[in-house]
Amino acid sequence: NQSLTTPQAEAVIDLDAIGHNVRVLRRFAGDAAVMAVVKADAYNHGAVEVSRAALAAGARELGVTTIDEALQLRAAGIEAPILTWLNTSDADFGAAIAADIEIGVASVKHLNAIASAAKAVGEPATVTIKVDTGLNRNGASPLEYPRVLDELVRLGREGTVRLRAIFSHLALADQPHNPVVDKQRERFLDAIAAAKARGLVPELVHLANSASTVTRPDMQFDMVRPGIAVYGLSPVPELGDFDLIPAMSAKARVALVKEVAAGEGVSYGHEWIAPRDTVVALLPVGYADGVPRLLGGKFDVLLGGIRRPAIGRVCMDQFVVDLGPDGGGVEEGDEAELFGTGDRGGPRAQDWADTLGTIHYEIVTGMRGRTVRRHV
Ligand code: PLP
């Protein structure tokens with residue numbers, strides 16, 4: 001999104017941090033290639049900019065959810081391999097094939113739709129099989145998988161569909177020592193063996209998301225598929241930050257500074273009553289822009305060099321910060337950091353997630369509405 005005038009709230013994306021994080025992930029990955037997961041507009045960090053920064057730092061491939069997302073990257077001139085892994089069977093597979101986009105398949109129905117599109121386009125489709133090894137969400141089920149393999153053998157002979165890779169996705173990767181992780185690994189190996197037994201030899205196989213990339217070298221196979229770690233957010237927060245740097249900082253500029261008398265209630269519902277005469281700052285960013293309403297009264301911002309408490313309810317467009325009786329020297333137009341790297345003692349997206357009982361993925365993808373993204 002763009003602003004016609006000076007934005008009131010921004011999500012500032014540090015592309016050097018993206019590059020740093022990809023280099024960190026490459027170190028963890030060793031010989032395995034890195035596919036940067038840039039779905040959902042790169043977790044709301046800007047898919048085109050992040051893809052370029054990640055590729056420049058040595059990511060070899062890009063992963064997205066939909067064909068539309070992949071086509072947007074191609075339209076921006078990005079030529080790296082792109083995999084799309086979740087489409088309905090009436091998706092525009094022809095457009096994907098024509099743009100040399102690799103398609104994830106989980107069923108014979110999909111495979112046949114892809115084969116028809118390949119015939120219409122006059123070029124073979126390249127596919128990755130998504131095999132379900134226990135997440136029980138996307139991916140071919142144990143019953144469907146052999147049928148997909150058999151159909152691929154047939155379509156391979158016909159020359160319409162080429163198998164490039166086999167992948168699976170983990171249910172409990174953020175618990176590296178949970179036996180489910182090992183069980184999924186074993187099933188994945190069985191799935192690869194089943195393909196090979198039919199003469200289907202994939203060029204590469206991949207399983208690890210961010211959490212497995214940094215905690216389980218035995219899960220790395222030929223390629224790793226980190227998303228959240230690319231954005232500098234720890235995939236296993238209780239194990240530390242893995243030298244990653246958060247790329248998104250959320251900022252807003254003070255729209256108004258004013259006095260509130262002792263005993264006055266602040267914001268809807270008067271959930272905060274001034275215990276003394278005080279000065280407050282109004283930040284023009286609210287739940288419509290990505291500051292969850294449930295955070296009300298439970299978070300701080302970095303303003304005027306220190307952390308200051310947000311008070312009262314978060315509204316659609318604004319919330320209020322207590323500056324204390326002397327106002328702390330804060331003036332209209334000053335910039336507040338809502339979350340960022342935490343370097344200067346400010347909050348991090350992780351803090352919001354902890355307070356809300358959610359994950360930082362939801363915090364960074366939620367900074368939308370009138371929050372304007374700016375890459376630096
Ligand atoms: N692979 C697939 C298939 C995904 O859907 C995702 C995102 O959830 C990832 C990899 C990246 O996961 P993470 O962001 O936890 O690294």
Side-chain angles (χ1 to χ4, degrees), residues 17-18 21-22 24-26 28-29 32-45 47 50-51 54 59-67 69-70 81-87 101-106 110 127-140 164-176 178 180-181 184-185 187-188 191 204-217 219-239 241-242 244 246-248 349-350 353 358-366:
I18 300 285
N21 297 330
V22 169
V24 168
L25 289 162
R26 282 178 61 206
F28 276 108
V34 172
M35 167 185 276
V37 175
V38 295
K39 64 180 184 174
D41 202 11
Y43 293 37
N44 196 30
H45 290 62
V50 166
S51 295
R60 201 168 305 157
E61 309 204 7
L62 301 169
V64 294
T65 305
T66 65
I67 290 173
E69 290 179 303
I82 304 176
L83 171 65
T84 158
W85 53 63
L86 179 54
N87 294 285
I101 289 159
E102 196 172 327
I103 307 163
V105 284
H110 265 86
V127 298
T128 284
I129 309 178
K130 302 174 289 182
V131 55
D132 193 335
T133 54
L135 178 58
N136 290 307
R137 193 186 66 174
N138 197 356
R164 175 161 182 252
I166 300 179
F167 95 54
S168 191
H169 194 42
L170 297 162
L172 293 160
D174 55 345
Q175 299 174 32
N178 191 302
V180 171
V181 181
Q184 285 199 258
R185 184 178 188 277
R187 289 178 176 175
F188 188 56
L204 72 169
V205 300
H206 45 104
L207 181 58
N209 62 356
S210 299
S212 284
T213 301
V214 300
T215 60
R216 292 281 306 253
M219 306 291 276
Q220 290 166 351
F221 295 95
D222 303 309
M223 187 160 76
V224 294
R225 293 192 314 271
I228 199 72
V230 169
Y231 308 101
L233 301 174
S234 175
V236 195
E238 48 293 9
L239 294 184
D241 65 10
F242 299 95
L244 300 165
M248 180 187 288
Q350 179 70 47
T358 186
I359 49 177
H360 41 28
Y361 297 66
E362 192 176 2
I363 304 301
V364 292
T365 55

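In what follows, every heavy atom counts, from backbone to side chain, and hydrogens, waters and symmetry copies are set aside. We count ligands from 1, going down the list as the structure has it; atoms in each ligand are counted the same way.
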Q) Looking only at heavy atoms of K130, does any of them come nearer than 4.0 Å to an atom of ligand 1? A) no
Q: Show the numbers, then the answer: is there a side-chain contact (heavy atoms from CB on, under 4.5 Å) between R216 and F28?
A: CA-CA 9 Å; R216 292 281 306 253; F28 276 108; over 6 Å; no
Q: For atom 1 (N) of ligand 1, grab the closest protein heavy atom and report residue, atom and distance to one decimal in Å.
A: R225 NE, 2.8 Å
Q | The single option from V50, V230, V37, V38 passing side-chain contact (heavy atoms from CB on, under 4.5 Å) against Y43 | A | V37
Q. Taking distance alone, with no angle check, do G227 and ligand 1 share an N/O pair under 3.5 Å?
A. yes
Q.
Quick one, V205 and F188 - any side-chain contact, counting heavy atoms below 4.5 Å?
A. yes
Q) Where does S210 meet ligand 1, judged by heavy-atom distances below 4.0 Å: at the side chain, the backbone, both, or neither? A) both
Q) Counting heavy atoms only, which part of H169 comes closer than 4.0 Å to ligand 1: side chain, backbone, both or neither? A) side chain
**Q.** CD1-CE distance between I18 and M248, expressed to the nearest 0.5 angstrom
**A.** 9.0 Å
Q: Could you tell me the residue and atom name of the protein heavy atom closest to atom 12 (O) of ligand 1, and the distance to it rounded to 0.1 Å?
A: N209 CB, 3.5 Å
Q: Report, in ascending order of atom number, the atoms of ligand 1 lying under 4.0 Å from any heavy atom of I228.
A: 13 (P), 14 (O), 16 (O)
Q | Element-labelled atoms of ligand 1 that are located less than 4.0 Å from some non-hydrogen atom of K39 | A | 4 (C), 5 (O), 6 (C), 7 (C), 8 (O)
Q) Considering only heavy atoms from C-beta outward, does the side chain of M223 approach that of R60 to under 4.5 Å? A) no
Q) Should the ring pair F167 and H206 be called parallel, tilted or perpendicular, given that the plane angle runs from 0 to 90° and is split at 30 and 60? A) tilted
Q: With heavy atoms of P226 as the reference, note each atom of ligand 1 found under 4.0 Å away.
A: 16 (O)
Q) For atom 15 (O) of ligand 1, which of Y361, Y43, Y231 has the closest heavy atom? A) Y361
Q | Beyond-backbone contact of Q220 with S212, side-chain heavy atoms, under 4.5 angstrom | A | no
